Amino acid sequence: MRMANHVLIDFGDRIYHGITGFVTRWKTSDTARSITVVYVGDMLSKVLAVATTLLLIRGLTTSDYASYVAFIGVGSLVVALVGGGINFALVRFSAEYYSRTNQKPYLLNLFSVLFQIAVFAMILVVVAFLPDQTANTILGSTEHASIIMTAMFWGLGSLLIETGRSMLQALERYRRYVFILWITNLGSLLIVSGLWFSGRLEFSSVARGLSILYILIGIWVVGNGFYGITQTNGRSWAARFQADKGLVREFLLATSWLMGYAITLAAFSRTDILMLSRYAPRSELAIYGVALQYYSLGILLLGSIQAVLRTKFSKADMQDTDRQQDFLRKWLQISVWTGIPILVFMLFGKPLFVFLNGEEYEGAFLVLAILAVGLWLSFMFSPLANILIGRKDFKFLFGLSLVAFAFNLVANYVGIHMWGAVGAALVLVLTHNVVLQGPIFLRIRL
């Protein structure tokens with residue numbers, strides 16, 4: 001009995017010291033406070049997104065919701081392929097440039113926007129002239145041609161939004177970074193709720209409404225990102241652009257491998273949805289889509305962390321290996337505790353999940369539980385890739401991403417055929433947290 005009491009007291013002391021240590025580090029850490037600002041803002045906006053998700057899950061038929069999942073999947077894939085690489089590299093390069101010079105790289109930002117629009121336009125032309133062939137290639141059926149075309153317009157707006165947010169992220173303008181997400185989610189909720197109350201909630205009306213909303217917000221966000229471009233600080237426009245011209249060349253030479261890494265990651269970022277669309281019943285795609293919507297709540301925290309860490313490790317003062325190792329050690333000591341709420345959810349969360357989403361989506365709980373474990377691992381390992389990015393170890397990351405891409409394709413093909421949505425969830429967790437993060441961890445520690 002005494003031994004049991006001693007174990008309980010010791011366990012309680014560990015929890016107490018863990019919590020107090022976390023609070024102390026938060027108070028003294030600019031990184032922790034920046035993450036908190038982004039995450040709290042993101043979470044408040046995500047309340048709106050949750051309301052939108054519940055309306056869609058409850059209001060759309062299973063077939064329509066499966067179409068919505070495919071719509072978002074295709075649009076997100078286009079955004080990731082076109083803008084994922086260059087925006088990823090833009091944050092890394094611009095953050096270091098701004099920390100050294102205190103100058104905003106306007107010409108580089110302009111090049112980024114024009115380049116992405118040009119690439120997107122070429123893809124749009126292909127989709128417009130070959131809609132059936134594109135739909136059959138991506139989703140395995142020509143009946144989805146209209147979904148892909150509408151997804152392209154949503155993708156254009158989302159691409160502009162992400163480009164503008166990347167500009168703000170590089171400059172650590174985190175409040176504006178979060179505000180963009182607020183207005184996007186608020187607008188989405190207003191559109192979906194308006195369709196709900198008017199009795200016109202169906203996939204086609206939702207897709208059109210969200211596409212228009214995202215394009216309008218995207219135009220505004222990019223315009224806001226160029227606020228101040230007219231200030232030349234006494235220099236002529238010709239002199240200013242002549243001075244900045246070499247910056248674009250330096251950016252391309254310095255980050256080409258990093259772009260390749262980001263593009264390869266983007267190539268399999270929606271492999272799960274695309275392969276479910278092709279090889280599984282629409283009910284499995286809908287189940288996976290429901291779990292993915294809630295999983296995105298946790299990914300929001302991960303995105304908030306990545307937004308801060310990517311900028312942090314890109315700065316000149318974080319290139320010291322000892323500082324990186326010390327940061328990683330402290331991060332792992334704190335982040336391991338985040339597994340507790342995930343365990344509680346897995347043990348006791350199913351009744352609430354079924355109540356919110358309906359019995360037809362009961363199978364999505366197991367999928368979400370698997371994704372939640374992956375989320376915990378991703379949270380713990382979130383500094384790893386950013387440390388290598390800070391070290392400019394881009395070739396290693398690119399090679400590793402090719403291995404992960406090959407594994408993801410083969411494993412998804414096998415897993416989806418055997419277990420459907422559950423197989424896709426298992427592959428997602430294995431790809432991101434074993435195939436990718438394992439070798440990165442070994443490279444950093446060795």
Side-chain angles (χ1 to χ4, degrees), residues 65-66 69-81 84 137-141 261-303 306 339 342 345-346 353 361-382 384-385 397-442:
Y65 191 75
V69 173
F71 162 76
I72 296 297
V74 171
S76 299
L77 178 63
V78 172
V79 173
L81 290 175
T137 301
I138 296 177
L139 298 176
S141 173
Y261 163 70
I263 291 171
T264 307
L265 288 184
F268 65 83
S269 64
R270 284 295 177 264
T271 303
D272 45 7
I273 290 177
L274 299 182
M275 295 187 77
L276 278 167
S277 301
R278 178 182 288 269
Y279 299 117
R282 292 180 71 81
S283 58
E284 286 292 303
L285 177 59
I287 284 173
Y288 190 76
V290 170
L292 207 62
Q293 288 293 327
Y294 290 102
Y295 172 66
S296 67
L297 289 173
I299 288 295
L300 189 65
L301 170 59
L302 194 61
Q306 296 286 9
I342 290 175
F345 164 76
M346 293 172 65
F353 182 86
Y361 293 117
E362 181 179 358
F365 181 79
L366 177 58
V367 177
L368 182 56
I370 295 170
L371 294 176
V373 173
L375 178 67
W376 173 56
L377 295 173
S378 296
F379 178 60
M380 288 180 60
F381 298 147
S382 55
L384 297 181
L397 288 171
F398 176 64
L400 183 60
S401 68
L402 291 179
V403 174
F405 177 64
F407 171 83
N408 189 268
L409 283 178
V410 175
N412 259 313
Y413 182 82
V414 175
I416 289 172
H417 274 87
M418 294 181 66
W419 303 299
V422 171
L426 288 170
V427 172
L428 187 151
V429 173
L430 287 174
T431 303
H432 286 279
N433 299 292
V434 177
V435 180
L436 276 173
Q437 302 290 13
I440 293 176
F441 181 78
L442 292 176

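Given the structure is predicted, the values throughout are model-derived calculations rather than measurements.
From Leu81, atom CG reaches atom CG of Leu265 across 11.0 Å, with rounding to the nearest 0.5 Å. Atom-to-atom distance recorded for Met346:CE and Leu366:CG is 8.5 Å, nearest 0.5 angstrom. Distance check, rounded to the nearest 0.5 Å: CG of Leu375 to OH of Tyr294 gives 16.0 Å. To the nearest 0.5 Å, atoms CD1 (Ile416) and CZ (Arg278) are separated by 11.0 Å. Taken to the nearest 0.5 Å, the CG atom of Leu371 stands 15.5 Å off from the CH2 atom of Trp376. Expressed to the nearest 0.5 Å, how far CG of Leu426 lies from CG of Asp272 amounts to 12.0 Å.
Trp419 and Glu284 get closest at one heavy-atom pair: O-OE1, 4.2 Å. Looking at every heavy atom in both residues, Val69 comes nearest to Gly289 through CG2-CA, 3.6 Å. Counting all heavy atoms, side chain and backbone alike, Asn433 lies closest to Ser378 at OD1-OG, 2.9 Å. Looking at every heavy atom in both residues, Ala291 comes nearest to Ala364 through CB-O, 3.6 Å. For Ala372 against Ile342, the heavy-atom pair with the smallest separation is O-CD1, 3.4 Å.
Contact annotation: the side chain of Val429 approaches that of Ile370 to within less than 4.5 Å [non-hydrogen atoms, C-beta and beyond]. Between Leu428 and Tyr288, the closest side-chain pair of non-hydrogen atoms falls below 4.5 Å. Counting heavy atoms from C-beta outward, Leu292 and Ile273 have side chains that approach closer than 4.5 Å. Between Phe365 and Phe345 the shortest side-chain heavy-atom distance falls below 4.5 Å.
Not a single side-chain hydrogen bond (donor to acceptor under 3.5 Å, both in side chains) links Tyr65 to another residue, sequence neighbours left out.
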Candidate pair Tyr361 and Leu368, rule side chain to side chain contact (heavy atoms under 4.5 Å, CB included), full reasoning: CA-CA 11 Å; Tyr361 293 117; Leu368 182 56; over 6 Å; no
Full working for side chain to side chain contact (heavy atoms under 4.5 Å, CB included) between Leu377 and His432: CA-CA 9 Å; Leu377 295 173; His432 286 279; over 6 Å; no
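Ring pair Phe381/Phe441 is tilted by interplanar angle, where 30° to 60° counts as tilted.
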Validation: residues 398-411 side-chain donor-acceptor distances under 3.5 Å, sequence neighbours left out:
residue, atom, partner, partner atom, Å
Ser401, OG, Leu397, O, 3.4
Ser401, OG, Phe398, O, 2.6
Asn408, OD1, Asn412, ND2, 3.0
Asn408, ND2, Thr431, OG1, 3.1

